[in-house]
Every structure is written in structure tokens, then in C-alpha cells.
Amino acid sequence: MIEIQEALQIIRDNQPWAGMGNRAERPVSANRKQDMIEISEALQIIRDNHPPSLVTTMPLLDALGRRLAVDIHAPEPSPRYTNSAMDGFAVRWEDVETVAGDRPITLTIAGESQAGIPFSGTCRSGQAIRISTGAMLPKGADTVVRVEDTQTEESRVTVLQARKKGQDIRRIGEEFAAGELLLPRGTALQAPQLGLLTSVGIIEVAVYYPPHVSLVVTGTELAVPGEPVAPHQIRDSNSIMLTAAVRQAGGEVIARHYTGDDLGDTVTAIKKSMHKAGIVLVTGGVSVGEHDHVKEAALECGFIELFWRVRQKPGKPLFFARRDDCLLFGLPGNPVSGFMCFMYYIQPLLRGLQGREFSWRTTKARFAHSVKNKGSRTNFMRIAVRKEKSGFINAEVLKKQGSHMLGSIAQADGFIIVEPGQVLPEGSWQDVYLFPWRM
Ligand code: AMP
Ligand code: MG
């Protein structure tokens, strides 16, 4: 005979999965027997449940800062036509090849090729065609002599110097041929890439969709930012902070709902959020208190729990669930805890959804003092880093690490992960995680 909890769990684990995710046909969950899972397991579960990236086509300027979802091949060569690199005269090399300092040659100016107004005829032997930078090279000509290497008198030009055949000509396709790979998938579209695409006639591009996130902010004690705050209330700082963090990771917060610590209201708020967004971030109400309803509300909304509680500090109550392709994170309400969970788990996920690696910015830093984790959970310690003139990066663990102390993240440049019992000796070099906007 098995216990009813085990029976329930087996049914949950075997529920057919409607998700279309290419990574996981059904949710991949933690081993439920454990009370808390390790951070590596939590990460793996998130990666295994990572929904497919969405792709959308946007006009170039709207795509600024986004990543290409496809390889872009040149639809035409560059330059598009052979043209002059200088203001001067288009000539035939055979006419000017004997020019040296003391043996100038005089040619007849037979016309002009202006940028935008090409010469319609052919440059014949003994002729020169006046030409401006970027103008099409006339038929018959194969070389440009620069204005400063000539003397002009009425309709005749004397060539004083000719360097080599083909000089000062930009040949069709010399930069790239039609069909060549211009920008690979994953390229970040900044001003130069937009310029390049425009130059070959592309006006819109397929980019990774900015992941849509909605926030559900729980807590009866919360005052909305900007509104009066009673003595027993605290200001909701999480929603602004998380909205900003989502944006900085390339996502968009499309909705925000507030709810008190009430199961029914939390269910309503999650329901409103989950249909529009790929990711629902709920803050607060995910711990073991009597007024913590987020887990139950999520299950009632059809989410399947993938893990709850991670052996980490801060952020132990982190909850992760999935309903089809919608992911839900229950972040602890303590601002530092929620933020650290965001940085370690959600930020790389948002990157991954935009065609980048599921990864963080890391560097090696030298610790000015020894660091020890005396606790029993993996510790995300906030650090400040400083780049020395020598190029060395020094790091120190910040003093006030309380999970309610926003100052400790406002001063931080990143964090270091220290395992229980681990001691990092003074002067040792360690891998540290940097907040994306630092250095
Ligand atoms: P909870 O996770 O709901 O138990 O909340 C833990 C702590 O975080 C409590 O002190 C809450 O008042 C605080 N808290 C919860 N939500 C927020 C929020 N949106 N902004 C700032 N602090 C919060
Ligand atoms: Mg709460």
C-alpha cells in the first residue's frame, strides 16, 4: 500500500502534458522526497522546462537592441555597382600608364559621372570623364585619377600622376557578394547592424520576441509606490525593481496585478496574468506562513509544481511551476531574496529565450579577505568589485547581507556563490557573477 501523498504525486508526475516545449514534453520536476533541492537541480529543472523561443518580425528601428532570430544573407552585393572612391577623372589605364612626373598626358574631358547621375556613354581612348566619389564608373574606364593629380584647362585635363591600374575604384561585390552571410543568428542589432541591413535593402527583420512577463505582487501590508503609506505598511519596491530587471534582460513586463494575502484574490490575479505572459513572476506569499497562498493558488490555476524550496540563502522559498508554455516563479517577498533569485535563475532564462546562452556574466576576482559559509545552505553573497590599474579585479563581500536590506544589493556589483562549509582563503581568485550593468 502507498500513502495518499505518494499516490497523488505519481498521478501528477504522469499527467499528460499539453506543453509544446521543444526541450521537455512534460514538466521535469524535482524529487519530491527531498525537503529542499540544491541550486544546481533548481537550475536544471528551469532549463529543462524552458519553453521555445518566440520569433517576430519587426521594422529595423523597433528591433534595436534585439537579437536576430535567423541568419541574414546579403540580398545583393556591396558595393552595388563599381564606383569611384575619389573625386577625379575616370580614365583608361592604357592611356595613362606611361605618365610619370616629367611626362604628363592630356586627355579630352568627354562628360561627367555624378553621384546619382551616371555618364551614359563610354569612355574612349584619349578621353577622361569627370567623376565624383560614389558615382558609377563609366563604361570603358578602369581607373580613377584624383583631382589633385591633374590640371584642368577648359575641356582638357592633364594627368600628372597615375599610380596603378584600377586605382581608387570600389569594385562591385568587393565587400561582399550576393548570398554571402552578413549577420549570423543571435547577433545583437545595434546602430551599425541596422545601417548595414538598410544598405542592402532590408527594412524588417526576424528577431527573438521580447519575453512577456507579468507580475503578481502579493501582500496585504503593501502600499503602492507613490501612494500614502500607513505606519503598518511597507512600500512595494519589488514591482519597480523586477520590472526594471526584466527590461534590462530584454523582456517586457506587460501587466501588474496587486493582491492581498487572500487565496481567492491570488487565484484571480494569477489567472489574469497567465494568459498573456510566458512568465508570471509572483512576489511574496510563497513561504510556509498561514497567509502564504501562492503555491496553492498556482495549483488551482492549473500550474504543476516543479520545485519548491531550494537549499540557498537568500531565497529558500523559491517556487517554480509550469502550465503549458507558461512558467510561474514564486519569488520570496523579501526584496533581496527575490532579486537574487531573479539574477541567478530568471535573468539567464530571459537571455536564453532571446537566442542567447543560458548564462551569466562572470569574471575572476581576487578576494581581499577570507570568505566562509558557516551555514547549511548555499550562500549568494553580494560583493563589490574594483578594477585596479594593473587590471586585477579585487572583490569584497559587503557587510549588511540581510534579505530585507536593499542597500546590500544597491551597493553590490554582483555576487559569489559559497557552499556550506566552504572557505575561500584571503587573496584567492574566485569566479564571481556580475550584475549585467556592471563594468
Ligand atoms: P513574504 O515572502 O510574503 O513572506 O514577505 C517577506 C517579506 O518581504 C515581508 O517583510 C514583506 O513585507 C516583504 N515584502 C513582500 N512583498 C514585498 C514587496 N512587493 N516589496 C517590498 N517588500 C515586500
Ligand atoms: Mg507576504
Side-chain angles (χ1 to χ4, degrees), residues 35-37 39 42 213-248 251 253-270 272-273 277 279-301 303 305 307-321 328-347 377 379-380 382 400-412:
D35 182 31
M36 268 188 275
I37 61 168
I39 65 167
V213 176
S214 50
L215 292 183
V216 175
V217 186
T218 78
T220 303
E221 76 280 29
L222 297 181
V224 174
E227 292 194 358
V229 57
H232 56 276
Q233 286 188 306
I234 65 146
R235 295 186 183 88
D236 158 37
S237 50
N238 283 344
S239 57
I240 293 285
M241 181 167 62
L242 292 171
T243 301
V246 165
R247 257 191 232 168
Q248 288 190 299
V253 172
I254 54 159
R256 182 194 310 169
H257 298 284
Y258 280 94
T259 161
D261 295 313
D262 174 89
L263 178 60
D265 290 350
T266 309
V267 169
T268 308
I270 293 176
K272 278 193 219 155
S273 304
I279 298 176
V280 180
L281 296 185
V282 189
T283 86
V286 77
S287 200
V288 290
E290 250 180 75
H291 305 289
D292 292 335
H293 303 294
V294 169
K295 281 180 58 211
E296 202 183 332
L299 300 184
E300 211 172 306
C301 293
F303 282 89
E305 177 181 329
F307 66 73
W308 177 49
R309 305 219 287 183
V310 186
R311 191 184 307 283
Q312 64 182 21
K313 187 182 170 184
K316 178 173 110 180
L318 179 64
F319 172 69
F320 179 52
L328 181 143
F329 289 89
L331 301 173
N334 267 315
V336 175
S337 313
F339 182 77
M340 292 310 297
C341 289
F342 183 93
M343 278 299 141
Y344 191 63
Y345 299 105
I346 302 170
Q347 199 250 139
R377 289 181 269 153
N379 201 331
F380 295 114
R382 273 79 68 206
K400 296 190 175 169
Q401 297 267 337
S403 56
H404 56 299
M405 297 176 177
L406 272 168
S408 81
I409 48 174
Q411 284 158 23

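Numbers here are sequence positions counted from 1. Order of listing sets the numbers, starting from 1, for every ligand and every atom in it.
Proximity to R235 (heavy-atom distance under 4.0 Å) selects the following atoms of ligand 1: 20 (N), 21 (C). Against a heavy-atom cut-off of under 4.0 Å, I234 is close to the following atoms of ligand 1: 12 (O), 13 (C), 14 (N), 21 (C), 22 (N), 23 (C).
Scanning all protein heavy atoms for the shortest distance to atom 19 (N) of ligand 1 gives D236 OD1, 2.8 Å. Counting only heavy atoms of the protein, atom 9 (C) of ligand 1 lies nearest to E221 OE2, 4.1 Å. The single protein non-hydrogen atom nearest to atom 20 (N) of ligand 1 is S237 N, 3.1 Å, given as residue, atom name and distance. What sits closest to atom 6 (C) of ligand 1 on the protein, heavy atoms only, is N334 N, 3.6 Å.
Looking at ligand 1, you won't find any N or O of V217 less than 3.5 Å from one of its N or O atoms.
Under the 4.0 angstrom criterion for non-hydrogen atoms, P335 is in contact with ligand 1. Put simply, no part of H404 is less than 4.0 Å from ligand 1, judged by heavy atoms. At least one heavy atom of G285 sits closer than 4.0 Å to an atom of ligand 1.
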Fill in: Step-by-step side-chain contact (heavy atoms from CB on, under 4.5 Å) determination, E305 to F303
CA-CA 6 Å; E305 177 181 329; F303 282 89; over 6 Å; no

Practice prompt. Take V288 and R309 through the test side-chain contact (heavy atoms from CB on, under 4.5 Å) and record every step on the way to the result.
Written response: CA-CA 10 Å; V288 290; R309 305 219 287 183; 4.1 Å; yes

Fill in: Working for side-chain contact (heavy atoms from CB on, under 4.5 Å), residues I409 and M340
CA-CA 9 Å; I409 48 174; M340 292 310 297; 4.2 Å; yes

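Of the listed options V286, T220, D292, D292 places a heavy atom closest to atom 4 (O) of ligand 1.
What you find for I270 and L328 is that their closest heavy atoms are CG2-CD1, 3.9 Å. The shortest heavy-atom contact between S408 and G402 is OG-O, 4.3 Å.
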